Structure formats: C-alpha cells, structure tokens
Number of protein chains: 2
Amino acid sequence: MTVKGKISRERIIEAANRLIYTKGFNQTSVSDVADAVGITKGNLHYHFKSKEELLEAIICFRKTSISSMLEQWNEEFPEAKEKLKRFVQMLLNEEKDIIRYGCPMGSLNAELGKFQPTLQANSKEMFDLFQHWLEVVFKQLDSKKSKARSRHLLAMGQGASMMSYIYSDAKILKDECRLMNEWLDALN
Amino acid sequence: MTVKGKISRERIIEAANRLIYTKGFNQTSVSDVADAVGITKGNLHYHFKSKEELLEAIICFRKTSISSMLEQWNEEFPEAKEKLKRFVQMLLNEEKDIIRYGCPMGSLNAELGKFQPTLQANSKEMFDLFQHWLEVVFKQLDSKKSKARSRHLLAMGQGASMMSYIYSDAKILKDECRLMNEWLDALN
DNA sequence: GTCTATAAGAAGATAGAC
DNA sequence: GTCTATCTTCTTATAGAC
C-alpha cells in the first residue's frame, strides 16, 4: 500500500465517520461518502470491499480516539473526581453536535441494535472503553459500587444527550450535566 | 369508507407500528408492512398515499394510546408520587421490548431527528404528552421545579432504556429504575 | 377495496480500462 | 490507485383490471 493510498483511506474514514454520525449508518450511502471525499464509488470499493467493512474501520478509528483521550485524562487529572467531572465536561464541550445529532456512540449503537447484531457488538466496544475506565476511576472512591456507578453515569449521559437532542435544547443538556456533577459531589 | 376498509387500515397501522419499532422507520419497507398484514403493496398505497403518511397515522395512533394511558393513571392513582412511580413502573413492564429494541419513542425520535425534521417534530409530540403530564404531577409537589423535574425524569428514563438496550441487560434497567424511585422518594 | 404489473430511481457491489 | 460502465436488487409509487 502506497503513501497516497493511506491518505485516501484515512480521508474516507474521516468523511464517512462524520456522515454516519450526522445521517445515520443506514441512511448514508456509499455514494454519499464517495462524493464527500471527492472520489468515485469504484475507487471507494477498492479501499473497502463493503459498506460493513467501512463501518468496522470507522469504529476502530473511534475506539482509538477514545482510548487516547482517556489516557490523556489519566495523565492530566490525578484525582478520581476530577476525572469523572472531565467526563461530564466532554458532553458540554460537544453541546452543538449533541443537540443536533445526539450522542455519536448512542445513536450508532441504537441504530445497529435493531437488526445488525454483528455490527452492534462491534460498536458496543466503544461503550465498553468508557465503562471500564469509569469503573476503574469509581473504584478509587468505593470498590463495591464501582460497576453500578459507572453504568449509572453512562446512563445519565445518554439520557442527557437524548433529551437535549430530541428537544434541540442546550438548557436541558446543561441542567442534566449539573445534576450529574452534583451527584458526583455527593459521593463518599 | 366501508367497515372493511377501516379494519384494514387499523391492521396496517398496528403491523407497521410494530415493524417500525423493531426495525426502525427507514429500514422498514412498504413491502415489509404489506407482507406482515397479508396484503399487497398496491392495496397498502390505497390506504396510505405515501410512507410518510403511514408514519403520521402511526404517530397519531401512539399519541392516542399514550393519552388514554395517562388519563387512566390519573383516575387510578390520586397521589402525585403514586403517579410518578407508575411512570417508572411502565419501563419495568416493558422490560423485554426495551432491552431488545430500546424505547419506542426515543429510538423513533432519534432516527427521525437526523434529517427528517418534519416527521421528528410530529414524533416529538409523544414526548410532549409525557412531559406535560409529568410537569402537572410534579407541580403538586413543588410548583417551582416541576418543568426541570419532568425533563429529568424523562432523561433518566431515556438513559435507563438506552443503556439496558445497548447492553441487552435487564439488570441495568432494574437498577436505574430503582434509582429513579429513590430520587422520587427523596423529593420534598 | 384488492389485486397484478410496472415504472423510475437508488442502493451495494463488480469488471475491466487506464 | 482511480476511473467508467454495468449488474442486480430493492425501494417508493402509480396505472389499470377486477
């Protein structure tokens, strides 16, 4: 594979990643992606044999991004509560996109879960990355409730994203994030 | 319109309602619906000029169901907290479907919100029914925080549904519903 | 009201030239 | 590695017989 090939492959993944977030996987056609990149469908199929293979590459790309973000948070915030509040802050930082398109992980998983189980299982691993990281962090506060708490924080994040998305309302997101922070403050 | 026509129309709406929930709107074809009802596509198009018109009928059907359910809860539970807990209980009653297909309202709204704004606006009215009802009920506890609380309970319900759906895990739904009830118990 | 037949277009994917 | 051209299938929707 030449250098030029790698560049094309990455451009495809990045364009498709955005399209799949904003339009949904099943509503994004191979032509949409090719048009966005400025190549033809035939060329795209040289890089990715099928649409599913493209999605797998996108999920791999997302998982890598998430992992490096979590590692950076680990370095940047020594205290457990600081780490947890950084997670909440992520939602506020992504306000515009969340309100317009929902949570990128949640909406993809929800779509695939209906009847694309193989792809959903793959996509779910994005959630696993956050869940395991949160569980480790919560364990520093209380070793017994860490799993339940990690799931609860994820659930509140999903609820906040979903409601602010459905109502296209930044205030809902801000209010729910404030409640999440208050919940974190009240722990132990 | 004859009596037989009305029966067909209702059978179409009920079958399409289920299919759109389990497969998603955009992934449910007119043929899928016609096959499920046992009629032809041509016949279905006699009853509904377009797929969008069919969805509007489904949303109307759902809104009617929700309204009558809320009215029944009003009659059945005189106390505000009883009403609120009945809302939480609804999620537990629908455990099997929520875990397999997510929240019927949330998943439809999330799908339509991506790039079908007219249909999403229509679908959002299902949420409005719950939100207004919850707001009135919360107002009996505290007149000032009723709107924020109604949104928060809806957000927790969406988060609980989403997480238990993504992880196909009834325990997550039960745990989150328990936390919702504890939150309700702690109010005022 | 229900059917068959068909139009007209978009989808994912492939073959082969360059 | 990128292109054009094509295939097949599926989609929504329509026309017209019964």
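The sequence lines fix the lettering, A, B, ..., with proteins before strands; numbering per chain opens at 1. Just so you know, these numbers use all the heavy atoms, side chains as well, and skip hydrogens, waters and symmetry mates. Please read all numbers here as calculations on a predicted model, not as lab measurements.
For B:R86 and B:E76, the salt-bridge test fails: no basic side-chain N is under 4.0 Å from an acidic carboxylate O.
Seen from the ring of B:F25, B:K51 counts as a face-on cation partner, given the 6.0 Å and 45° thresholds. A:K23 forms a cation-pi arrangement with B:F115, by the criterion of a distance under 6.0 Å to the ring centre and an angle within 45° of the ring axis.
Side chains of B:N109 and B:S123: a donor on one and an acceptor on the other come within 3.5 Å. Checking B:Q116 against B:N26 by side-chain atom types alone, a donor-acceptor pair falls below 3.5 Å. Between A:T40 and A:N43, the side chains place no donor N or O within less than 3.5 Å of an acceptor N or O (distance only, hydrogens not considered).
In this entry the distance linking CG of B:D35 with P of C:dT2 reads 16 Å, nearest Å. Atom NE2 of A:H47 is separated from atom P of C:dG12 by 18 Å (rounded to the nearest Å). For the pair A:I12 CD1 and C:dG12 P, the interatomic distance rounds to 14 Å; values are reported in whole Å. With rounding to whole Å, B:Q27 atom CD is found 10 Å from D:dT12 atom P. Rounded to whole Å, atom P of D:dA15 lies 17 Å from atom CG of B:L44. A straight line from CZ of A:F25 to C1' of C:dA11 spans 12 Å, rounded to a whole angstrom. Distance, B:K51 NZ to D:dT11 P: 9 Å, rounded to whole Å. Between the CG atom of A:L54 and the P atom of C:dA11 there is a distance of 15 Å, rounded to whole Å.
When distances are taken from the side chain of B:H45 to each of D:dT2, C:dG12, D:dT14, the shortest belongs to D:dT14.
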Tell me, for nucleotides 3-10 of chain C in 5' to 3' order, what letter each nucleotide earns: B for a base near a protein heavy atom under 4.0 Å, S for only sugar-phosphate near one, - for neither?
-> BB------
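Phosphate proximity of D:dT2 to A:S8: present, with a side-chain N or O under 4.0 Å from OP1 or OP2.
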